[in-house]
2 protein chains.
Amino acid sequence: MVNKTKNENASVEERILKAAEEEFLNKGFDGATTEAIARNAGVTHAMLHYYFRTKKNLFEKILNAKVDMLIKVIFGTFKSSGLPFRERITEAVKSHFDFIRKNPELPRFIINEFNSGSRRGILLDKKIWEIIPKLGEELQKAIDEESAKGVANRIDAINIIMDAVSLNIFPFLVLPFLKNIGAPFAEYEKDFLDMRREESIKVITGRLFNR
Amino acid sequence: MVNKTKNENASVEERILKAAEEEFLNKGFDGATTEAIARNAGVTHAMLHYYFRTKKNLFEKILNAKVDMLIKVIFGTFKSSGLPFRERITEAVKSHFDFIRKNPELPRFIINEFNSGSRRGILLDKKIWEIIPKLGEELQKAIDEESAKGVANRIDAINIIMDAVSLNIFPFLVLPFLKNIGAPFAEYEKDFLDMRREESIKVITGRLFNR
DNA sequence: ATATTGTTTAACCGTATTGTTAATACAAAC
DNA sequence: GTTTGTATTAACAATACGGTTAAACAATAT
């Protein structure tokens with residue numbers, strides 16, 4: 001029987017993790033403080049250390065979770081089942097965009113914590129580089145088939161993937177900047193993002209099929 | 001006559017600024033320490049405060065300089081003189097990419113320091129939002145002319161600009177990540193970047209002219 | 001020469017922040 | 001009910017960091 005104490009522990013742990021996630025994603029490792037995390041979790045900051053020992057430890061838990069999300073979404077991206085190629089592409093771009101929309105701080109977080117200056121965030125290397133080539137190969141095969149039929153252009157899959165990711169994450173990277181400089185369309189965030197999602201799709205399909 | 005003291009001052013100032021630039025660009029405001037900056041500049045950290053009073057002050061000097069660079073490059077981007085439209089676009093994308101290549105940490109720096117959490121980096125707002133619409137209008141006019149002639153597609157200039165910026169900054173954002181996960185082509189950095197530059201051009205021209 | 005002004009150093013201060021520890025509460029196990 | 005292991009608290013320790021100060025030092029002006 002899972003006893004009450006265990007449950008309460010789990011709940012405290014979760015509250016800390018939740019608070020840590022928000023703090024780290026918004027402020028990065030350096031900007032975050034364990035005190036603020038503890039405060040937002042509603043516990044003393046000694047508790048945080050009791051459960052996670054060090055700030056770095058806690059951070060790595062969050063980072064790992066986020067990288068796992070990333071891996072999952074990469075996996076999920078391209079297996080929209082029996083649709084024709086063009087629709088599969090469209091759906092993949094769309095769902096990738098929507099995923100980021102639900103996790104708008106994720107791109108900045110990942111980009112930041114893997115930058116050369118920080119010596120954190122190592123150790124999950126392998127996992128992710130097993131999967132990207134898999135996606136690449138699958139897409140490449142599809143492209144080759146379609147281009148043999150004269151439907152699609154002959155393009156390196158890796159370029160298509162990078163094009164799509166570039167276009168899809170960019171709006172979320174610049175949004176704070178646009179808001180800061182008072183760009184007009186930044187106020188209509190939803191419209192702006194919808195517009196950019198459409199544009200992503202148009203660019204990718206245009207690149208593959210010349211419209 | 002500019003005296004020796006003055007020169008030495010300027011030189012110390014410059015050394016601090018140089019060191020600060022590197023530190024801030026690599027580690028961001030929170031990750032940077034005035035002590036490390038001073039050390040890398042070869043001065044005591046009291047000197048840093050003597051010349052720049054506060055960390056924030058010094059940071060804003062760097063940020064301002066970088067935003068000025070940004071403004072300059074935006075201005076310079078689209079006035080490639082008497083070339084035909086398609087070549088002007090190609091040149092603009094190319095030179096934008098090359099600029100970032102010379103300042104590979106710039107995109108991350110700008111994106112980061114304008115994110116919601118920090119209340120730094122205000123004050124240069126106006127400057128920059130005077131110029132982007134100017135570029136937008138100029139490009140829009142050109143697009144409209146060409147599309148009237150049936151040469152180019154009818155597209156919102158803002159989307160073209162964002163497409164280009166997305167595609168051009170992305171390689172520099174992911175490069176550290178790719179290196180970290182041991183992606184094969186990250187080793188051949190030059191080839192990778194050349195490839196992505198070509199792809200940017202192809203995507204943009206493809207979008208505007210259907211190849 | 002001396003006063004003046006600006007530069008540099010070394011030592012120090014205050015505070016924020018990470019991390020520890022010792023004591024206590026508390027639930028379950030025997 | 002005593003023991004045992006875990007959860008929680010409050011107080012404290014250690015350090016890193018931004019910033020200050022006072023005094024030494026150098027350059028220039030008068």
Side-chain angles (χ1 to χ4, degrees), chain A residues 1-63 112-113 117-121, chain B residues 1-63 112-113 117-121:
Chain A
M1 191 258 280
V2 184
N3 54 30
K4 197 182 152 211
T5 17
K6 263 277 174 66
N7 276 336
E8 280 197 28
N9 293 356
S11 148
V12 168
E13 242 184 79
E14 272 165 35
R15 266 153 57 206
I16 295 174
L17 281 168
K18 193 86 213 309
E21 182 185 321
E22 190 178 325
E23 179 87 353
F24 282 133
L25 262 73
N26 283 327
K27 310 199 183 166
F29 182 84
D30 295 317
T33 74
T34 55
E35 274 162 340
I37 293 170
R39 192 173 351 104
N40 290 334
V43 301
T44 68
H45 94 282
M47 285 303 289
L48 184 149
H49 287 287
Y50 175 69
Y51 278 99
F52 298 96
R53 294 250 329 284
T54 66
K55 181 185 182 184
K56 202 180 153 198
N57 226 290
L58 178 55
F59 176 80
E60 269 163 12
K61 288 253 180 354
I62 303 296
L63 182 58
N112 261 313
E113 297 305 334
S118 71
R119 286 289 173 276
R120 297 177 299 275
Chain B
M1 193 257 278
V2 184
N3 53 30
K4 198 182 154 211
T5 18
K6 264 278 173 67
N7 277 337
E8 281 197 25
N9 293 355
S11 149
V12 169
E13 241 184 81
E14 272 166 34
R15 266 153 58 208
I16 295 174
L17 281 169
K18 192 87 212 308
E21 182 184 319
E22 191 179 324
E23 179 87 352
F24 282 133
L25 261 71
N26 282 327
K27 309 200 184 166
F29 182 83
D30 294 319
T33 73
T34 55
E35 272 160 342
I37 293 170
R39 191 172 352 103
N40 290 334
V43 301
T44 69
H45 95 283
M47 286 300 289
L48 185 149
H49 288 288
Y50 175 70
Y51 278 99
F52 298 96
R53 292 253 326 286
T54 66
K55 182 185 181 183
K56 203 179 150 197
N57 227 291
L58 178 56
F59 176 80
E60 269 163 12
K61 287 251 178 358
I62 303 296
L63 182 59
N112 261 313
E113 297 305 335
S118 72
R119 285 291 172 275
R120 298 178 297 276

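Keep in mind the model is a prediction, meaning the values are calculated, not measured. Just so you know, these numbers use all the heavy atoms, side chains as well, and skip hydrogens, waters and symmetry mates.
Nucleic acid contact for A:Ala32: sugar-phosphate only, since backbone atoms but no base atoms lie under 4.0 Å from a heavy atom of the residue.
With rounding to whole Å, A:Met47 atom CE is found 15 Å from C:dT20 atom C1'. As rounded to whole Å, 10 Å separates atom P of C:dT8 from atom CD of B:Glu13. A straight line from CG of B:Leu48 to P of C:dT8 spans 13 Å, rounded to a whole angstrom. The distance from atom CD1 of B:Ile37 to atom P of D:dG18 is 8 Å, rounded to the nearest whole Å. Atom OH in A:Tyr51 sits about 13 Å away from atom C1' in D:dT9, given to the nearest Å. Distance CZ (A:Phe29) to P (C:dT17): 13 Å, rounded to an integer number of Å. Nucleotide D:dG18 holds its P atom 14 Å from the CD1 atom of B:Ile16, rounded to whole Å. Computed from coordinates, the A:Arg15 CZ to D:dT8 C1' distance equals 12 Å when rounded to whole Å.
Among residues two or more places apart in sequence or in another chain, the side-chain contact (heavy atoms from CB on, under 4.5 Å) test is passed with B:Ala19 by B:Ile37, B:Asn40, B:Ala41. Considering only residues two or more places apart in sequence or on other chains, B:His45 meets the side-chain contact (heavy atoms from CB on, under 4.5 Å) condition with B:Thr34, B:Glu35, B:Ala38, B:His49. Annotation: ring pair (Phe, Tyr, Trp, His ring centres under 6.0 Å) contacts of B:Phe52 (sequence neighbours excluded): none. In terms of the side-chain contact (heavy atoms from CB on, under 4.5 Å) criterion, residue partners of A:Glu22 (sequence neighbours excluded) are, by chain and number, A:Asn26.
Of all heavy-atom pairs spanning B:Gly28 and B:Glu113, the tightest one is CA-OE2, 3.5 Å.
Under the 4.5 Å side-chain criterion, counting only non-hydrogen atoms from C-beta, A:Asn57 is not in contact with A:Glu60.
The aromatic rings of B:Phe24 and B:Phe29 sit parallel, their planes meeting at an angle under 30°, below the 60° perpendicular limit.
Between A:Tyr50 and the phosphate of C:dT21, there is no side-chain N or O to OP1/OP2 separation shorter than 4.0 Å. Residue B:Thr33 places no side-chain N or O under 4.0 Å from the OP1 or OP2 atom of D:dC17.
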What does the list of N/O pairs under 3.5 Å between the protein and nucleotides 10-15 of chain D look like, with a distance for each?
none

